[in-house]
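Below: the structure, in structure tokens.
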There are 2 protein chains.
Amino acid sequence: MLLKVGELAKRCGLTVRTLHHYDRIGLLTPSARADNGYRLYGRSDIARLHQILALQRFGLSLAEIGACFAQPGTSLTTILTQQIAMLDQQITQASRLRAQLAGLQGSLLDGVEPELADWLTTLELMTMYDNYFSQDELARLPMLGNGEAAEAQWRALVGQVRGLMESGVAPEHEAPRQLAVQWMSMLVRDTGGDPRLVAKLNLMHEQEPALQTRIGISTALRDYVLRAFSESKMLIYEKYLSAEEARFMRAHYVQTALDWPPLLAEVRDAIDADVAPASPQGIALGRRWLALFQRYAGDSPATQLKFRTAMEQEPELLAGTWADDRMFAFIRQAMAAMMQQQS
Amino acid sequence: MLLKVGELAKRCGLTVRTLHHYDRIGLLTPSARADNGYRLYGRSDIARLHQILALQRFGLSLAEIGACFAQPGTSLTTILTQQIAMLDQQITQASRLRAQLAGLQGSLLDGVEPELADWLTTLELMTMYDNYFSQDELARLPMLGNGEAAEAQWRALVGQVRGLMESGVAPEHEAPRQLAVQWMSMLVRDTGGDPRLVAKLNLMHEQEPALQTRIGISTALRDYVLRAFSESKMLIYEKYLSAEEARFMRAHYVQTALDWPPLLAEVRDAIDADVAPASPQGIALGRRWLALFQRYAGDSPATQLKFRTAMEQEPELLAGTWADDRMFAFIRQAMAAMMQQQS
DNA sequence: CTTGACCCTGACCCAAGGTCAGGCCCTAAC
DNA sequence: GTTAGGGCCTGACCTTGGGTCAGGGTCAAG
């Protein structure tokens with residue numbers, strides 16, 4: 001019962017080349033050779049080949065199959081769980097991509113077929129997002145999924161704000177202020193209240209000029225909104241401050257606005273990772289928080305107290321800020337630990 | 001706004017080598033070079049890169065992406081449907097494999113952990129099946145899925161038959177006959193009544209000696225069953241035949257038994273493919289059917305009529321045969337067309 | 001004796017880059 | 001001035017699982 005290579009190949013539905021390959025890499029060496037050099041496969045070789053094919057069908061690479069034979073310590077359950085896990089990952093990944101493509105296809109079916117070139121620029125944006133956000137974060141960015149409704153809302157808002165800015169209306173006026181508050185509220189909503197997402201959005205917006213032109217939000221426009229939004233907050237704080245304190249705040253508040261989201265993001269990460277507020281890492285965050293706060297509140301504890309009072313009295317101050325009670329609690333504890341340490 | 005290769009790579013989360021590669025294969029050639037030979041990527045290059053990455057994320061190969069750019073005739077919908085179809089296929093395939101592995105794993109959890117070597121021989125059988133059956137057919141082979149119950153049933157039956165055979169009991173005796181009828185009925189059940197599956201099973205069994213030793217069914221055993229089963233049919237036919245006719249039948253019936261399944265399989269294929277019975281292909285099948293029938297029924301129309309009468313009177317004759325009314329109807333029409341043609 | 005079907009080895013090929021090697025360019029620090 | 005480090009260049013070899021020759025030997029049938 002010795003088979004030549006071609007016979008074995010036919011019987012197993014393989015090519016001769018494949019068997020040559022297995023021979024070369026030492027996975028299946030025929031147990032005999034004829035005098036003329038022909039490979040002769042015996043019964044045990046055939047059995048081994050079947051086993052190889054079985055493991056291959058499981059998705060193992062030839063190298064892994066070789067390892068299985070080399071050390072018989074490997075248990076089948078290990079192999080199975082491993083391969084199943086791999087398949088699961090593969091399946092979820094493919095399904096996610098499929099869902100994305102199907103969504104895209106759905107949005108294509110309604111309207112006119114656009115030019116490929118137009119779509120490519122849209123896709124350009126998609127990869128940009130991919131670049132800054134993990135798959136997980138993308139799924140949590142409601143902005144993208146909401147599609148139509150949210151997008152129209154944003155387009156309208158951006159248009160209004162740009163109208164005001166281009167007409168020369170100062171951002172401190174009431175109309176820009178109201179739009180800015182709406183802007184931030186929508187942003188909070190569309191980031192699911194997660195400061196990490198908004199920090200990354202800001203980063204992306206800053207680093208991708210192409211994005212700015214595409215969605216129509218230049219850095220100038222963003223600064224305009226930022227100033228208007230800051231003004232809306234400062235108008236409230238002012239009621240609690242002396243003229244001198246208000247002057248200081250007005251000189252520095254706007255510049256700190258963009259620094260908050262990254263810090264909030266880090267605090268949120270720390271909370272999610274169960275970092276203790278009193279730990280060195282927690283205290284470092286508290287220190288940075290305090291520094292940022294002092295940049296517009298100043299060094300005087302009395303003034304700082306006024307800000308805190310304002311914040312407690314006026315819940316409106318928290319609107320559009322991505323800060324919540326959990327984060328405040330964390331920072332309070334971190335600062336307490338900080339004081340303790342210093343004294 | 002010209003970026004060096006390292007800068008672009010960092011911004012897009014790629015490696016320098018990847019950009020070199022894209023340059024070499026002409027997918028993304030930087031629009032400028034510095035005096036020192038450095039690649040300089042402009043704004044349009046960046047846009048193109050983003051588009052490349054988007055299409056790549058869809059699962060297109062670099063060659064396909066290049067083709068997209070080369071001829072702008074390709075529509076996005078085409079690409080999307082194509083990729084979705086590919087993903088679907090990928091997903092179903094992975095899911096099917098996963099289900100198989102999970103099933104295997106489940107059957108492992110109950111019992112003791114067997115040796116890897118033992119399992120490999122089991123896997124050997126699995127690939128053997130793979131070799132003879134398509135994935136689709138495997139799923140339709142209830143034999144494999146039923147596992148425990150059916151397998152135990154088969155083991156018991158095989159054991160009983162072997163016991164009789166080894167004790168020297170002639171297959172024509174009543175005990176073997178009854179077991180043979182049971183055998184064929186189970187086979188019909190476990191092939192879902194599909195003659196194509198049983199034809200392939202027979203083929204596999206004949207060509208794989210390893211399989212025979214593994215499941216304990218030698219060709220001798222199979223012939224024993226076949227003879228017993230034939231006997232059970234012939235006893236019925238005999239009641240309708242003269243002594244001479246019966247002698248002819250007894251001399252030839254058993255030898256035709258193994259030729260029926262392949263023919264039935266082809267007829268079934270023809271029906272599924274909507275082949276007309278009166279077409280040349282249908283008539284050819286009718287001719288082969290008739291030839292097979294005449295091998296044990298003889299040439300005399302009168303004798304043949306007796307067989308047909310028997311078949312109509314004794315529904316038991318159809319048990320364990322994979323033939324059904326649809327197939328008889330097809331063959332009847334084919335033969336009618338055949339007669340018409342000859343006259 | 002030829003022809004066709006097998007067999008052998010050796011070699012190059014694919015996709016999508018990874019990983020050096022050898023050498024040039026530029027900047028900053030000494 | 002020079003030297004160290006980092007970035008850039010090209011070229012070349014490596015990966016998986018074989019496909020696809022090329023050049024030459026072997027065997028059986030006609």
Side-chain angles (χ1 to χ4, degrees), chain A residues 2-42 45 48-49 51-69 83 86 90 93 97 127 130, chain B residues 2-42 45 48-49 51-69 83 86 90 93 97 127 130:
Chain A
L2 291 175
L3 296 178
K4 283 187 290 182
V5 69
E7 294 162 347
L8 180 57
K10 199 186 302 176
R11 270 195 37 166
C12 294
L14 302 173
T15 69
V16 171
R17 173 64 171 110
T18 300
L19 291 173
H20 281 177
H21 187 58
Y22 291 177
D23 189 1
R24 169 139 339 181
I25 66 174
L27 188 58
L28 179 69
T29 309
S31 44
R33 288 271 186 155
D35 293 339
N36 52 18
Y38 287 14
R39 290 172 178 80
L40 294 178
Y41 293 87
D45 297 327
R48 182 169 170 129
L49 178 55
Q51 295 170 2
I52 289 170
L53 295 180
L55 290 174
Q56 187 178 233
R57 223 174 45 96
F58 285 2
L60 275 76
S61 70
L62 297 186
E64 290 166 329
I65 294 172
C68 276
F69 288 121
Q83 294 309 112
M86 208 197 60
Q90 209 176 312
Q93 207 168 328
L97 180 51
T127 47
D130 267 17
Chain B
L2 291 175
L3 297 178
K4 283 187 291 183
V5 69
E7 295 163 346
L8 180 58
K10 200 185 304 177
R11 270 194 38 167
C12 295
L14 302 173
T15 70
V16 171
R17 175 74 231 273
T18 300
L19 292 173
H20 280 177
H21 187 59
Y22 291 176
D23 189 1
R24 171 139 337 179
I25 66 174
L27 188 58
L28 179 68
T29 308
S31 45
R33 289 272 186 153
D35 294 339
N36 52 18
Y38 287 14
R39 288 172 179 79
L40 294 178
Y41 293 88
D45 297 325
R48 182 169 169 130
L49 178 54
Q51 296 170 1
I52 289 170
L53 295 181
L55 290 175
Q56 186 178 236
R57 222 173 47 94
F58 285 3
L60 276 76
S61 70
L62 298 186
E64 290 166 328
I65 295 171
C68 277
F69 288 121
Q83 293 309 112
M86 208 196 59
Q90 210 176 314
Q93 206 169 326
L97 180 51
T127 48
D130 267 18

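Here is the naming used below: chain letters follow the sequence lines, and residue numbers restart at 1 for every chain. Since this is a predicted model, take the numbers as computed values, not measurements.
The C1' atoms of five pairs define one axis at each end of the helix from C:dC1-D:dG30 to C:dC30-D:dG1, and these two axes lie 40° apart (to 10°).
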Note to self: Protein within reach of the bases, or only the backbone? For nucleotides 11-23 of chain C, mark each nucleotide 5' to 3' as B, S or -, using heavy atoms under 4.0 Å.
What the structure shows: B----BBBB----

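Atom P of nucleotide D:dT10 and atom CG of B:Leu19 are separated by 13 Å, given to the nearest angstrom. As a whole-Å value, the separation of A:His20 NE2 from D:dT20 C1' is 14 Å. The CG-P distance, from B:Leu8 to D:dC8, rounds to 10 Å in whole Å. Nucleotide D:dT15 holds its P atom 16 Å from the CD atom of A:Glu64, rounded to whole Å. To the nearest angstrom, C1' of C:dC8 lies 15 Å from CG of A:Asp35. In this structure, A:Leu14 atom CG and D:dG17 atom P are separated by 14 Å, rounded to whole Å. Straight-line distance from the CG atom of A:Leu53 to the P atom of D:dG17: 13 Å, rounded to whole Å. One can place CG of A:Leu40 at 9 Å from P of C:dC8, the figure rounded to the nearest angstrom.
From B:Gln56, atom CD reaches atom CG of B:Leu49 across 9.5 Å, with rounding to the nearest 0.5 Å. Here the CD atom belonging to A:Gln83 is positioned 6.0 Å from the CD atom belonging to A:Glu64, to the nearest 0.5 angstrom.
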Which atom pairs link the protein and nucleotides 1-6 of chain C when you take only N or O atoms and keep those under 3.5 Å?
none

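Side-chain contact between A:Val16 and A:Leu19 is absent, with no heavy-atom pair separated by less than 4.5 Å.
Checked against side-chain hydrogen bond (donor to acceptor under 3.5 Å, both in side chains), B:Thr29 has no partners two or more places apart in sequence or in another chain. Residues passing the side chain to side chain contact (heavy atoms under 4.5 Å, CB included) test with A:Ala63, sequence neighbours excluded: A:Ser61. Taking the side chain to side chain contact (heavy atoms under 4.5 Å, CB included) definition, one finds that A:Lys4 meets it with A:Glu7, A:Tyr38, A:Leu40, sequence neighbours left out. For A:Gln93, the side chain to side chain contact (heavy atoms under 4.5 Å, CB included) test picks out A:Gln89, with sequence neighbours left out. Residues passing the side-chain hydrogen bond (donor to acceptor under 3.5 Å, both in side chains) test with A:His21: none are found, sequence neighbours excluded.
Residue pairs meeting the salt bridge (Lys or Arg N to Asp or Glu O under 4.0 Å) criterion with at least one member in residues 24-33 of chain A, sequence neighbours excluded: A:Asp23-A:Arg33.
Proximity of a side-chain donor or acceptor of B:Arg48 to a complementary backbone N or O of B:Leu27 within less than 3.5 Å is detected.
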Next item on the list: Take A:Asp45 and A:Leu3 through the side-chain contact (heavy atoms from CB on, under 4.5 Å) test and state the conclusion after the steps.
Entry: CA-CA 10 Å; A:Asp45 297 327; A:Leu3 296 178; over 6 Å; no

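For C:dC8, the OP1/OP2 oxygens have no side-chain nitrogen or oxygen of A:Asn36 closer than 4.0 Å. Not one side-chain nitrogen or oxygen of A:Arg39 sits closer than 4.0 Å to the OP1 or OP2 atom of C:dC7.
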